[in-house]
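Here the structure is laid out as structure tokens; the discussion comes afterwards.
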Amino acid sequence: MIKVSIIGTGSVGSTIAYSLAIMGVASEIVLIDINQEKALGEALDIRQGAPFFGPCSVYAGTYEDAKNSDIVVLTSGIARKPGQTRLELAQINVGITKSIIPEITRQAPDATYIIVSNPVDILTYTFTKLSGIPENRIIGSGTILDTARLRARISEYFRISQSNVHAYVFGEHGDSAFIPWSVANVSNVPIDECQKVLGHSPLENPAMDYDEIEQYVKKSGGRVIARKGATFYAVSISVCHIIKCLLNGMDTTMTVSTMMHGEYGIDDVCLSTLNLLGNKQVNGKVLVPLTDDEVARLRASADTLKGIIKGLTI
């Protein structure tokens with residue numbers, strides 16, 4: 001029996017609830033929102049599809065209903081508007097998160113917390129500093145979505161299954177993120193050698209433009225928002241993947257945002273590197289060997305976030 005509480009029933013929160021239900025990951029899902037009518041409507045809509053997926057109790061509730069949750073997902077906050085950066089949302093959503101922390105941690109002190117609202121690294125830092133929850137049970141969704149976008153783009157380029165692509169996005173979930181190409185590969189073939197060994201004609205696959213791919217990854221969210229007003233499918237399934245892996249007894253590696261304690265020379269900031277997740281917690285970091293330039297880019301990303309944090313009231 002797995003209980004998941006989701007705070008915030010906007011497009012992301014409600015899509016996470018829907019995806020969890022049809023995936024059969026949770027047996028009980030609680031939707032909590034300041035707009036109780038919205039939460040009631042979303043819960044009812046999902047629950048009425050229950051005859052066609054596994055048994056799952058989906059209902060709207062209050063913070064008290066989050067008691068005994070295994071996982072709590074925070075999606076509350078003001079959504080990013082077209083042309084707006086994630087960091088511009090910072091102080092407003094920090095304030096919202098600060099108001100939520102005492103309410104939810106009082107009811108679910110033993111839960112694992114997944115922070116999804118943007119700017120996710122700063123809100124993960126805020127939650128870690130103020131909640132009193134052990135750090136290994138606080139996870140920001142971080143660059144798992146960016147990593148998924150990267151793998152999707154590479155798989156399209158080489159016309160190969162995404163499951164064969166191993167590449168990551170590190171750093172901030174935002175403009176200072178970067179791709180450590182030195183560790184990217186397709187089926188253990190280094191990325192810069194794939195053109196020669198995958199059998200496609202150079203006329204069909206022109207030389208990879210690493211800068212173009214990095215910009216594609218960074219700008220994808222903005223492009224979706226400009227066209228449809230919000231992003232929620234890809235981020236929601238990414239969060240469901242985090243939850244599914246947290247519930248496994250065997251660790252899974254993924255790029256999520258957690259507190260840094262000297263790794264790569266970075267301290268006192270939350271950003272994404274490779275982490276081990278399993279058994280409802282973070283079980284450590286995988287210190288991927290990076291080049292000197294990649295370490296410098298990771299530190300620059302950390303400095304960007306620290307600069308924003310200094311200007312906030314946390």
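- With 3.5 Å as the limit, one finds no donor-acceptor pair spanning the side chains of Q162 and N164.
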Problem set entry | Stepwise side-chain contact (heavy atoms from CB on, under 4.5 Å) check, I16 with C240 | CA-CA 7 Å; I16 291 171; C240 290; 4.3 Å; yes
Exercise. Side chain to side chain donor-acceptor pair (under 3.5 Å) between D65 and Y59: does it pass, once the steps are laid out?
Worked result: CA-CA 10 Å; D65 293 299; Y59 58 95; 5.1 Å; no
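- Donor-acceptor pairing under 3.5 Å is recorded for the side chains of T258 and N275.
- A donor atom on one side chain and an acceptor atom on the other are not found under 3.5 Å apart for D146 and Y168.
- I138 CD1 to T124 OG1: the interatomic distance, rounded to the nearest 0.5 Å, is 8.5 Å.
- Salt-bridge check for K280 with D70: passed, with a basic side-chain N closer than 4.0 Å to an acidic carboxylate O.
- Between Q48 and I46, the closest side-chain pair of non-hydrogen atoms is not below 4.5 Å.
- Looking at T255 and T147, their side chains do bring a donor and an acceptor atom within 3.5 Å of each other.
- In this structure, K67 fails the cation-pi test against Y63, since its NZ or CZ atom is not both closer than 6.0 Å to the six-membered ring centre and inside 45 degrees of the ring normal.
- For OH of Y264, the number of neighbouring non-hydrogen atoms (other residues, nucleotides, ligands) closer than 6.0 Å is greater than 12.
- Contact check on R299 versus E294 returns no salt bridge, with no Lys/Arg side-chain nitrogen under 4.0 Å from an Asp/Glu carboxylate oxygen.
- Electrostatic pairing of R297 and E214 counts as a salt bridge here, judged by a charged N lying under 4.0 Å from a carboxylate O.
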